[in-house]
Amino acid sequence: MSNPLPTATILGYPRIGENRELKRALESYWADRSSADDLRTAAAQVRRTTRQRLTALGLDAEGAAIPSDFAYYDQVLTTAIQVGAVPARFGIEPSDAPLSLDEEFRLARGDADTPPLELTKWFDTNYHYLVPEISPQTPLRHIPGAAAVSELREALAEGVLTRPVLVGPVTLLLLSKPENPGDPAPLERLDDLVAVYAAWLAELAAAGATWVQLDEPALVADTWDVPAEQVTAAAEQAYRRLAGATDRPSLLVAAPYGELRENFAALTGTGVEAIGIDLVHGALPADLDAAATADVTVVAGVVDGHNVWRTDLDRATALLQQVRERAGQVSVGTATSLLHVPHTTAVEDGLSDQLRSWLAFAHEKVTEVRTLARGLAGEDVSVELSAARAALADRAQADGVSRTQVRDRVAAVTPEDTHRADYTDRVEAQRALGLPDLPTTTIGSFPQTTELRQARARLRTGELTQAEYEQVIRDEIARVIALQEELGLDVLVHGEPERNDMVQYFAEHLDGFAVTQHGWVQSYGSRCTRPSLLWGDVSRPAPITPAWSGYAASLTDKPVKGMLTGPVTILAWSFVRDDLPVPEVAQQVALALRDEIADLEAAGIRVVQVDEPALRELLPLRREDHRAYVDWSVGAFRLATGGAAADTQVHTHLCYSEFGEVIDAINGLDADVTSIEAARSAMEVVPELAAAKFSRGLGPGVYDIHSPRVPSTEEIAGLLRLADGALARGQLWVNPDCGLKTRGYEETVAALTNLVAAARQVRAEH
């Protein structure tokens, strides 16, 4: 426990592979095109390549500077199954042997008989985690030889001493839910879980670990169901016990995504050897001096792991000097894991050299960490500091970063721009849509087929002309409209075949954005996204969606939804400029969408869905900041939709959310219909919305599209009855949890057939 922590380290690294090797291996295995051994081999190669890359970038291969944070699906799931937190409903008998890959994936994806674990957002990021379920009977136990130990040994065999990364015990329990109704809060199992961690740490020490990283982001938030002082007490209790063990590695407790505040001093008094603090999203702890007294190394997170802009090395250096002066021992680190950014800018030859010079992806951020550590150690890094200053100065004065016309339009916004007609008047005007009770619809996208992806690729290479490509899209729209009419859906969609991604598609058509070619970031499991780069002032040079929506509407007598991505989600799922207040950026995007809605109405579209699946995602981790967030996020949505006519039915869609935390925001959006993710949680949000007197249309999802299983008609009808019992007559809509882009047509048709049948069954019971 006397091993010094290296002067440069990172809290985590992208694990999907530089070319998405793990994604492809997972999907090949799930499709029965490869074996479990093939998947393990591919995963081992991804880990090996990561270690080699980080060693080449200068992280100490012998000093535990390289984190070992691999997961096949999700790090919360990986940690949970290594401590025996497997719900009884999966029928997996407790054992001292690690779960098989198939058992792990059953928890993540479910099967024909068992729904998977609930999926929700990881703090204020676009990453998703699987929610553990823990009861008083859950057999928490140490499972020898589990992933963290085997991967440590794997690295040591190659001459690299890694630092195993585990989700900390307090965070694991706070992120968990009771396995059964009426079970006590999982935090009550803290003593049992800490005993498991103690045994786990002893095994890691015996295997050769000198440091272990325990991630405790829960300690920077105060939005839990238990009082903040109880969380602090739990952290003190857990880490005094773990640090008090004699047979263990040194402990780094990392607290990313915000400020530790009072929990910093609490941790310094427990005996842990290092604490990681986020100095991008939080300030220096008021009691930073306590680290020096307790002989604790501070891992100063001065390089942003959550965004892609080049670090202001001068500012970071000044912060590091303050930490060293007050805390004594300091290591330079990232504020968060680099899981949230792409691998490297080096392959982005589609970006201008100017824009690329403003960016730092994972590889470049490791280099920044190394530069700052060298500078702190007294080495000459003047060349690197000068280059960073030049890039920042160039970015500040570049064309398009600030445009007078855009700024003036935002400045002219008035409160009246965010208000539509009263909801009761809108309901009356929208009766002309002729919808039945319990109207059925989908969230927007239909499966993106191989043929569609190939058509986009052939357009890029010139094998298809623009006219030929557009004919492919028209043919797919016609097929999707015909399919929905055959299925009996009430409000149709055009299926979004022209869209590569719900944010990137708009980014490609708005000024102020750029898109990457290879900037993939893991969202969950094998799902990856390419966040766009929002670098300048935003405006819409031309209409984007009316032609496709109008064509779809011409093929049917049923209403067709125009589909837009909302301003908050466009920001949440992009890498947003850090040189302008986010609320102002949101208003710029909202005004562009306002123009788009006006053009959809001009094209005859009378139902418009403005998706905000990320509304909860940006909610601050401290309650004191919630009101300001709700004000600007709701304001941006209402600015986008505020010009819509009374007879235009405005929908929105929310997903992956603990909706109870944003009920005020959901009400404030003033959408005519709100669809929400609810299938995995068995409609638990509906009573909360009913209690909050939510009175507009509501479509709680009845089909979990994140799992390949097809729900039966009776299962869907049961969920509808639960929702129908909590809502007033006429409120309930019937829809899947989310878009169908990632599903195949066979399962989609089967599930939607059951959805329509269930709606008719419950409709007949009214």
Side-chain angles (χ1 to χ4, degrees), residues 75-88 94 117-118 120 122-123 129-143 146 148 164-204 212-249 251-256 260-273 275-276 621 658:
Q75 74 267 14
V76 179
L77 175 65
T78 296
T79 302
I81 63 178
Q82 289 180 103
V83 300
V86 177
L117 295 174
E118 184 179 344
T120 194
W122 173 255
F123 294 89
Y129 73 93
L130 288 153
V131 180
E133 298 173 11
I134 296 177
S135 76
Q137 292 75 41
T138 300
L140 301 177
R141 64 202 182 281
H142 172 230
I143 300 174
V165 179
L166 319 173
V167 177
V170 177
T171 293
L172 185 68
L173 291 173
L174 286 172
L175 293 181
S176 299
K177 62 189 292 187
E179 184 175 353
N180 306 298
D183 281 348
L187 192 61
E188 294 194 13
R189 297 294 307 274
L190 183 64
D191 282 344
D192 298 331
L193 185 60
V194 170
V196 175
Y197 272 74
W200 199 357
L201 292 175
E203 185 187 14
L204 285 165
V212 167
Q213 177 179 321
L214 294 160
D215 285 343
E216 290 284 12
L219 302 184
V220 307
D222 65 2
T223 54
W224 309 109
D225 292 334
V226 297
E229 56 269 21
Q230 187 175 338
V231 174
T232 299
E236 288 182 303
Q237 175 186 337
Y239 285 101
R240 280 204 181 98
R241 185 170 172 188
L242 292 177
T246 56
D247 190 12
R248 66 170 178 84
L251 301 180
L252 161 59
V253 180
L260 264 174
R261 297 190 184 178
E262 66 280 356
N263 289 325
F264 181 80
L267 286 173
T268 60
T270 62
V272 300
E273 284 75 19
I275 301 173
L621 302 180
E658 297 297 332

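A quick note: this is a predicted structure, and the numbers were derived from the prediction, not measured. For the numbers below, each heavy atom of this structure counts, side chains included, while hydrogens, waters and symmetry mates do not.
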Query raised in the report: Has the side chain of Glu179 got a donor or acceptor atom that lies under 3.5 Å from a matching backbone atom of Thr138?
Result: no

Report task. Verify side chain to side chain contact (heavy atoms under 4.5 Å, CB included) between Thr223 and Phe123, making sure each step is shown before the conclusion. Result -> CA-CA 11 Å; Thr223 54; Phe123 294 89; over 6 Å; no

Report summary line: Tested for side-chain contact (heavy atoms from CB on, under 4.5 Å) against Gln237, the lone hit among Val194, Thr270, Val170, Asp191 is Asp191

Requested in this report: Check whether any side-chain heavy atom of Pro178 sits under 4.5 Å from a side-chain heavy atom of Ser135, and report yes or no.
Outcome: no

Report task. Calculate, to the nearest 0.5 Å, the distance between atoms CG and CG belonging to Leu172 and Leu140 respectively. Result -> 8.5 Å

Report task. Drop me the distance from Gln230's CD to Leu174's CG, to the nearest 0.5 angstrom. Result -> 9.0 Å

Report task. Could you grab the distance from atom CG of Leu166 to atom CG of Leu204, nearest 0.5 Å is fine? Result -> 6.5 Å

Query - Backbone of Thr171 reached by a side-chain donor or acceptor of Glu216 within 3.5 Å - result: yes

Query - CG on Leu242 to CG on Leu214, rounded to 0.5 Å - result: 7.0 Å

Query raised in the report: Nearest 0.5 Å, what's the CG-CD distance between Leu201 and Glu203?
Result: 10.0 Å

Query raised in the report: So, do Pro256 and Val220 sit near enough that their side-chain heavy atoms are less than 4.5 Å apart?
Result: no

**Report entry** Heavy-atom closest contact (Ala234 atom, Leu187 atom, distance)
**Finding:** CB-CD1, 4.3 Å

Requested in this report: Mind listing the closest non-hydrogen atom pair of Gly168 and Tyr239 along with its distance?
Outcome: CA-OH, 3.9 Å

Query raised in the report: Do you know the tightest heavy-atom contact between Gln82 and Ala146?
Result: OE1-CB, 3.4 Å

Report summary line: The side-chain contact (heavy atoms from CB on, under 4.5 Å) partner of Leu130 among Thr120, Leu117, Thr78 is Leu117

Report summary line: Looking only at heavy atoms, the pair that brings Arg189 and Leu173 closest together is C-CD1, 4.1 Å

Report task. For the pair Arg248 (side chain) and Ala243 (backbone), establish whether a donor and an acceptor sit closer than 3.5 Å, ignoring hydrogens and angles. Result -> yes

Requested in this report: Might you point out which heavy atoms bring Asn180 and Asp183 nearest each other, and give the distance in Å?
Outcome: N-OD2, 2.8 Å

**Report entry** Spatial distance of atom OH (Tyr129) from atom CD (Glu118) [nearest 0.5 Å]
**Finding:** 8.0 Å

Query raised in the report: Ile275 and side-chain contact (heavy atoms from CB on, under 4.5 Å): which partner among Leu219, Leu260, Leu252?
Result: Leu260

**Report entry** Side-chain heavy-atom pair Leu193, Ile134 within 4.5 angstrom cut-off
**Finding:** no

Query raised in the report: Is a donor on one side and an acceptor on the other found under 3.5 Å between the side chain of Trp224 and the backbone of Ala218?
Result: yes

